[in-house]
Structure formats: C-alpha cells, structure tokens
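Single-structure report; data block below.
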2 protein chains.
Amino acid sequence: MDKDKRVRRTKKALQNSLLTLMEEKDFQDITITDIVTTADYNRGTFYKHYKYKEDLLDEIIEDVMTGLIESYREPYNDKETLEVPSLSSSVIKIFDHVERNSKFYQIVIRSNALPGFQEKFIQTLKKLAFEDLPAFPSNPDVNPDLQASFHSYAILGMIIEWVNGGLKHPSSYMAEQLSALLKAEPMKTAFKTKYVLPTWHKKEPSI
Amino acid sequence: MDKDKRVRRTKKALQNSLLTLMEEKDFQDITITDIVTTADYNRGTFYKHYKYKEDLLDEIIEDVMTGLIESYREPYNDKETLEVPSLSSSVIKIFDHVERNSKFYQIVIRSNALPGFQEKFIQTLKKLAFEDLPAFPSNPDVNPDLQASFHSYAILGMIIEWVNGGLKHPSSYMAEQLSALLKAEPMKTAFKTKYVLPTWHKKEPSI
DNA sequence: AAGTAATTGTTGACTATCAAACAAACGCTC
DNA sequence: GAGCGTTTGTTTGATAGTCAACAATTACTT
C-alpha cells in the first residue's frame with residue numbers, strides 16, 4: 001500500500017501541514033488551498049489522494065493508531081524468550097508512544113476533532129487488550145468487555161489529563177502512576193469513602 | 001531557476017542529507033548511495049541534478065552564500081529613507097546569518113571541506129564590501145583590496161572562533177565585539193608595542 | 001590473482017506531481 | 001439580487017522522480 005517514495009513523502013507533508021494548521025484554527029475553517037499552500041504542493045496532488053480534508057484527518061489518526069499498536073507490541077517482537085505480555089509492561093509503551101507523538105495528541109485532544117479520534121483510540125486499546133493479553137480478562141467473574149472498556153477509558157483519561165497539562169511529566173512517571181492506581185485498587189477506596197462511611201454513620205437505628 | 005516545487009524539495013532534502021552525513025564521517029567516505037538512502041530518494045534522482053557529490057556540496061555552499069548576501073542587504077531593502085549601508089550595521093546581519101545557519105557552519109568549518117568553503121566565503125564578503133559600501137574604502141590612503149581582504153578575513157576569523165566554541169555567545173555579542181575591536185584600533189596598539197616603541201627608543205640619532 | 005561484495009553510472013518504462021487554466025459554487029458587500 | 005473575490009473540483013500536457021535491471025568499476029579478502 002503506497003510504497004512509492006513520492007506518495008509517502010507527499011502524504012506525510014500534507015498530514016503535517018494539516019496538523020500545523022489545526023494548531024492555529026478550527027478544522028472546519030481550514031481550506032484545501034490552505035493545506036497545500038503550507039505544504040507547498042499542488043492542489044491537484046491533494047485530490048489525487050483524498051476527496052475531502054476529512055479523509056486526510058482520518059488517515060492521520062489511522063496512522064497514529066497503527067503506531068500505537070506497534071509500540072504496544074514492540075517489547076515482544078524480537079525476544080526469543082517469548083515473554084507473556086503483561087498489562088503493566090505494555091502500558092508503559094503506550095505512554096512512550098503518546099510522548100513521541102505529543103504534537104498530534106496535543107492538537108487533536110484540544111481540537112474539535114476529539115470525538116472522532118477518541119472513538120478510534122478506545123477501539124484500538126480494546127482490541128489490543130483482547131488480542132495481546134493472554135491473561136485477559138484477569139478474573140473469570142468480570143465481564144471482559146466491561147473490563148476492556150474500563151481500562152481503555154481509564155488510560156485515555158490519564159492521557160487527556162497529561163496532555164492538557166502540557167505533558168509535564170515523563171512517560172515513566174505516568175506508568176508509575178497507573179501502576180500505583182491499579183495496585184491501590186482505587187475503586188475500593190472510593191467506595192469505602194463514599195458509601196461505606198455513611199452506613200457506618202447512621203448507626204443504631206431505632207429498633 | 002529551478003522553480004519547480006519537486007526540484008526545490010528534492011535538492012533541499014539531498015543537501016540536508018549530505019550535511020547530516022558530514023556530521024558523522026568525512027566527505028570522501030560518503031557515498032552517493034549514502035546520500036540518497038538517508039534522504040529517501042532514488043539514486044537516479046541524484047544523477048538527474050548532479051554529476052558528483054562535489055556538485056551537491058558546491059551547491060550547498062552557493063546557496064548559503066546567497067543567503068549571506070541577502071542577509072547583508074536586508075536592512076536596506078524596504079526602507080524609503082535610503083539609509084547608507086555602514087560596515088557596523090551590515091556586519092550584525094552577517095553574524096545573525098551565521099547563527100541561523102549554524103548547522104551548516106559548524107559542519108563545514110570542522111570538516112575537510114573548509115578550504116573550498118573559505119575561499120567562497122572570503123570572495124563573497126569582499127564583493128559585498130565593494131558593491132554595497134559606498135564609503136568603501138574609508139581612507140584614500142589605504143589599498144581597497146587590502147582593506148577588503150583584511151576585514152573579510154578578520155570576520156572569518158571571528159566566526160571560526162565563535163563556531164568552534166559552539167556558538168556560545170549570541171550574534172549581538174559578536175557584533176559588539178567586532179565593534180569594540182574596530183573602535184579600539186587594535187592594530188595601532190599592537191604596532192605601538194612591537195614597532196613604534198623601538199623607533200621611539202632610538203631617539204636622537206647622532207647628528 | 002582470482003573472487004566477491006559494494007558502489008557506480010546509465011538506461012527505459014511507469015507514475016506522481018507540476019503549472020496553468022477553467023467553470024461552478026460559495027460567501028461577502030453594496 | 002448583482003457584482004466580486006475566494007474556494008472548489010477537474011482537466012491538460014510537460015516534467016520530475018521511481019523502480020528495477022544492467023554492466024563497469026572499485027576495494028577487500030583469501
């Protein structure tokens with residue numbers, strides 16, 4: 001698919017161009033002419049590859065998601081000691097990937113293109129959980145779909161928080177945080193505070 | 001000349017590729033295949049534009065020299081108050097230009113391509129002095145060629161020192177330094193110590 | 001000296017990108 | 001609603017860049 005150097009080069013240039021423009025203005029205000037002008041390509045070239053600018057944006061997201069999948073699987077690629085992928089080791093790679101593609105994530109998360117991206121991102125993470133984690137789901141009692149969704153959205157939430165804060169922390173810190181959050185079984189604590197305490201408070205109902 | 005977007009794009013890519021490679025190894029150890037591989041172009045494309053890699057290097061230097069001339073002339077371009085170019089105001093632009101093209105200057109000055117570059121650089125500066133400085137030469141007693149050479153090599157010397165030190169100082173500092181050096185009339189001081197003193201010493205020749 | 005691997009320079013068929021032009025549709029402002 | 005600049009798609013022939021193959025040269029190894 002598109003092995004020609006020219007095609008790859010052109011598409012990358014148009015992608016970068018669109019992303020750069022999205023830093024300044026809303027997606028709907030960006031014209032095709034804008035895109036090709038900043039990329040310094042001919043307009044006809046755009047139409048050779050895409051029909052609408054939406055196609056270009058979709059392709060950008062698609063490419064980044066492909067990169068995400070590769071990052072996720074990378075630690076197990078050239079290891080003869082066929083290590084079993086664990087949630088923790090894979091998740092570090094996700095944060096690394098976000099860090100490397102910070103420009104994309106910052107722009108898209110802050111843009112009006114967020115919903116479309118979020119859908120694809122969640123879908124990708126879910127797929128990875130099912131296909132790559134042999135020990136998934138960890139507990140026979142839990143609904144796998146629910147757990148996958150839970151984890152995927154949890155990670156998305158961390159990333160959005162991280163990105164909106166300007167990616168101040170290194171990716172290793174984010175991995176630590178997630179690890180700590182998982183170990184602390186935060187839901188239990190939350191539930192304890194929110195629901196268990198009240199019941200403990202209304203002690204001695206009038207018999 | 002070469003207004004086609006593809007040509008400009010390709011040449012820039014090949015230029016950058018060669019410069020990047022020159023950071024790692026000697027110019028003579030770089031193969032055409034190296035150049036096109038890192039630039040991700042086809043080898044045939046190289047031969048469409050150049051015969052030898054020397055052509056490419058020459059073109060790089062030529063382009064930077066063109067940029068130098070433009071920088072030099074830029075302060076007087078869109079001024080209605082046709083200001084007379086002065087040595088001091090123009091020289092600041094030279095340092096700015098070096099700062100902007102620091103990658104090029106660092107690589108070339110440290111490489112074995114320095115002699116060829118130096119020749120073109122001096123030649124450019126001399127030409128600028130003659131064509132752009134109406135008050136040049138400043139003193140009717142001095143040989144214009146000698147003065148031009150003097151100034152050109154002096155600036156080259158400062159730049160080489162500056163670049164080899166890793167461009168630690170801002171260009172404004174370099175301009176200040178040059179200004180200070182010119183104001184201090186350093187040659188006079190040097191001559192005073194070395195040659196004037198002796199003559200002063202042999203006062204009162206025996207009549 | 002022979003063998004081989006890497007690099008060179010060149011070719012030809014194929015395709016992507018180019019510039020330039022055009023008509024149509026879309027805001028605008030008056 | 002008429003005029004006007006901008007953006008849009010689309011088309012044209014010309015050219016740049018691609019890929020794969022090839023023989024010639026160079027450089028290294030045995």
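In what follows, every chain begins at residue 1, and chains take the letters A, B, ... in the order their sequences are listed. Here the structure is a predicted model, which is why all the values come from computation and not from measurement.
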What is the distance, to the nearest angstrom, from the [atom1] atom on [X] to the [atom2] atom on [N]?
X	N	atom1	atom2	value
B/D55	C/dG9	CG	P	11 Å
B/K48	C/dT8	NZ	C1'	18 Å
A/K51	D/dT8	NZ	P	14 Å
A/K5	C/dT17	NZ	P	14 Å
A/F46	C/dA19	CZ	C1'	19 Å

Please list, for nucleotides 11-15 of chain D, all pairs of protein and nucleotide N/O atoms separated by less than 3.5 Å.
unit_1: D/dT15; atom_1: O2; unit_2: B/R6; atom_2: NH1; d: 2.9
unit_1: D/dT15; atom_1: O2; unit_2: B/R6; atom_2: NH2; d: 3.2

Any [X] side-chain nitrogen or oxygen under 4.0 Å from OP1 or OP2 of [N]:
X	N	result
B/R9	C/dC18	yes
A/H49	C/dA16	no
A/T45	C/dC18	yes
A/Y47	D/dT10	no

B/K103 NZ: over 12 foreign heavy atoms closer than 6.0 Å: yes
A/E119 atom CD, over 12 foreign heavy atoms within 6.0 Å: no
Any residue meeting side-chain hydrogen bond (donor to acceptor under 3.5 Å, both in side chains) with B/S171, in chain and number order, not counting sequence neighbours: B/D96, B/E99
B/T38/B/T20 under side-chain contact (heavy atoms from CB on, under 4.5 Å): CA gap, chis, key distance, verdict: CA-CA 9 Å; B/T38 49; B/T20 304; over 6 Å; no
Per-nucleotide pairing state of DNA chain D [Watson-Crick or G-U, under 3.5 Å; [ ] pseudoknot-crossing; | other strand]: ||.||||||||||||||||||||||||.||
Contacting residues from residues 14-39 of chain B, given that a heavy atom lies under 4.0 angstrom of DNA chain C: B/T31, B/I32, B/T33
Charged tip of B/R9 within 45° of A/Y41 ring normal and under 6.0 Å: yes
B/W162 ring center within less than 6.0 Å of B/F95 ring center: yes
Near-ring test A/H97/A/F104, centroid separation under 6.0 angstrom: no
Point-to-point distance, once rounded to the nearest 0.5 Å, from CD1 of A/I122 to NE2 of A/H151: 12.5 Å
Candidates B/V108, B/I159, B/V64 - the one meeting side chain to side chain contact (heavy atoms under 4.5 Å, CB included) with B/F121: B/I159
B/L125: which of B/I69, B/I155, B/V91 passes side chain to side chain contact (heavy atoms under 4.5 Å, CB included): B/I155
Check: B/K93 main-chain N/O paired with B/S71 side-chain donor or acceptor under 3.5 Å: no
Over all atoms of both residues, closest heavy-atom pair of B/I109 and B/L114: O-CD2, 3.4 Å
Kindly give the atom pairs (protein nitrogen or oxygen, nucleotide nitrogen or oxygen) under 3.5 Å for nucleotides 26-29 of chain C.
none

Closest-nucleotide ordering on DNA chain D, the 5'-leading residue of B/D40 and A/R43: A/R43
Just list the side-chain donor-acceptor pairs under 3.5 Å for residues 25-32 of chain B, sequence neighbours left out, or say none.
unit_1: B/K25; atom_1: NZ; unit_2: B/D34; atom_2: OD2; d: 3.0
unit_1: B/Q28; atom_1: OE1; unit_2: B/N112; atom_2: ND2; d: 2.5
unit_1: B/T31; atom_1: OG1; unit_2: B/T33; atom_2: N; d: 3.4
unit_1: B/T31; atom_1: OG1; unit_2: B/D34; atom_2: N; d: 2.8
unit_1: B/T31; atom_1: OG1; unit_2: B/D34; atom_2: OD1; d: 3.4
unit_1: B/T31; atom_1: OG1; unit_2: B/D34; atom_2: OD2; d: 3.4

Pairing of A/D63 and A/K11 as salt bridge, 4.0 angstrom limit: no
